[in-house]
Structures are given as C-alpha cells and as structure tokens.
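Counting starts at 1 for both ligands and their atoms, following the listed order. Side chains are part of it too, since the values below use all heavy atoms of this structure and drop only hydrogens, waters and symmetry mates.
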Amino acid sequence: MLENERRQLEGQFFHRLVHQHWLGLPLDKLSRMANTPTLNQWWENYLSYDFKLKDFVTFPELNLTSQIGKHKLIAKYDLVAIGHDKVLIFDWKTFQKRPRDEWLAVRYQTRVYRSLLIQSGGCLKNNEPINPEQVEMIYWLANFPNQPIRFPYSTTQFVRDWQHLELMITRIDEQDEFPLTADEKKCNYCLYRSFCDRGISAAIIEDEYEPLFEMSELTLDQIPEIEF
Ligand code: SF4
C-alpha cells in the first residue's frame, strides 16, 4: 500500500472511530480498534482533549443542504454542537503539518460550512434561526491537539460568503466551456483527474492540499432535504 493511501485510510478510520464515540459506543471496544501507532496517537490525543461540550446537544456526521440558485449546496459536518448561545462546528483534521490560520480562513470549507449552517441549521434548534454571531468553526488537529484553529463568524461575513457562493454558481452556470487549469499541481489532488486525463493516482500529500469533500462517502441520496 502506498504511503498516502495508508494515511488516507487511517484518516478515514479515525473519523469513523470519533463518530462512533459520539454515538456512544463503548470506549474500550473503540480503543482496541485504534491499532496502528498513528491511529493510537490520534485517539489518545482525542480522548485527552476536553472539548467542553457537556451542556451542548451534539450532532455527529450531520448532513445539511440548501438550495442556491438552481442547485443544491451540500455539506457533511464531522460534528455540530448546539449550546444555549453558541453553535459550534467541529472538523477533525489529520494534517501532518499544522496549516496556517490564514490558509484555512479563506478555504471554501470554512466559508461553506458556516454559511450553510446559518441557511439550513435552524432545524437543529426547533426551527429557530441561527445568528451568525453564535457560530464558531473549530478545526481540531489530531497531530496538534492543543492548537485547535477557531473561526468565529459574523453577519457581515455570512452575507459576504453567501453572495460569493451565489456569484460563483452563477458564473459556473454561464460557462459554456471549462478549460483545464494551467496549474497542473492542483490536478494531483483533484478527484476528477481521471476525467481530465491528468493522471489516475493521487499524489503524496506533502502540504496543505486536501479534497474539499470526501465524495466517495457523500452522495445526494444520503442527504436529507433539510432547508430553512
Ligand atoms: S483534474 Fe481537476 S484541477 Fe485538474 S483540470 Fe481537471 S478538474 Fe481541474
């Protein structure tokens, strides 16, 4: 097995373990499954970290969707935690290097996850609207457990993000042709590279690149119609 495939599998397995932990499966059984040195280290880091969610209602592996223009925007969240006056989005990351905060801040994941939660997350709070100022997205890094990266939100950011997404979707709709990127480095990490004849195997992920969504785990059939 290639090194990058092993890392991807361990990352997926770690997500599954954490998901099952939030669902309440017995800790001793889950701990026995963290049976490689890397998985064991991530699992120990995860168990020793206090996420301070005692008074929160938690939704692990939550799928949300919203209509945007003629399309559906979908996202799969690792964990959403609803508190009295806070709504937290957690995303587990298994990066080998700690990414720069600025790089994560402008990522589509950071912008889509927070804005989509405002659009569609009211169903998690008895159909009460979620105020952007209540929302915070937290990337918890399995290799750097005491250095989570936190992104609060605001109404101004939400309006900007949603308008940007609408604009991008309109632009895509207006395109007749989709030329391949000249920056072929991007193709190394792209899920669609075999369609573009830009290779069939994934590159070794040495830096901060990673797919936005794990599409192999996410299909439209899995997404409930939750709109707000
Ligand atoms: S492989 Fe991906 S990044 Fe490269 S040209 Fe095709 S769609 Fe664009």
Colleague: What's the shortest distance from atom 5 (S) of ligand 1 to any protein heavy atom, and which residue and atom give it?
Modeller: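 Of every protein heavy atom, Thr181 N, 3.5 Å lies nearest to atom 5 (S) of ligand 1.
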
Colleague: In ligand 1, which numbered atoms sit nearer than 4.0 Å to a non-hydrogen atom of Leu180?
Modeller: 5 (S)

Colleague: Heavy-atom contacts with Arg193 under 4.0 Å: which atoms of ligand 1 show up? List them by number with element.
Modeller: 1 (S)

Colleague: What's the shortest distance from atom 2 (Fe) of ligand 1 to any protein heavy atom, and which residue and atom give it?
Modeller: Cys190 SG, 2.3 Å

Colleague: Looking at His15 and Asp78, would you say the former's side chain and the latter's main chain have a donor-acceptor pair under 3.5 Å?
Modeller: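 Such a contact is absent between His15 side chain and Asp78 backbone.
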
Colleague: Is there a path of hydrophobic side-chain contacts, each under 4.5 Å between heavy atoms, that joins Tyr108 and Trp103?
Modeller: yes

Colleague: If we set the cut-off at 4.0 Å for heavy atoms, which region of Cys187 has an atom near ligand 1: side chain, backbone, both, or neither?
Modeller: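 It is both backbone and side chain that touch ligand 1.
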
Colleague: With a 6.0 Å cut-off on ring centres, are Trp22 and Phe56 close enough?
Modeller: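 No, they do not, as the ring centres are separated by 6.0 Å or more.
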
Colleague: Would Phe51 and Tyr49 count as a close aromatic pair, with their ring centres under 6.0 Å?
Modeller: yes

Colleague: Run the numbers for me: atoms of ligand 1, each under 4.0 Å from some heavy atom of Cys196, listed by number.
Modeller: 1 (S), 6 (Fe), 7 (S)

Colleague: Using the rule given for side chain to side chain donor-acceptor pair (under 3.5 Å), can you reason through Thr94 versus Glu10, listing the C-alpha separation, both sets of side-chain angles and the distance that settles it, and then say yes or no?
Modeller: CA-CA 9 Å; Thr94 54; Glu10 284 185 323; over 6 Å; no

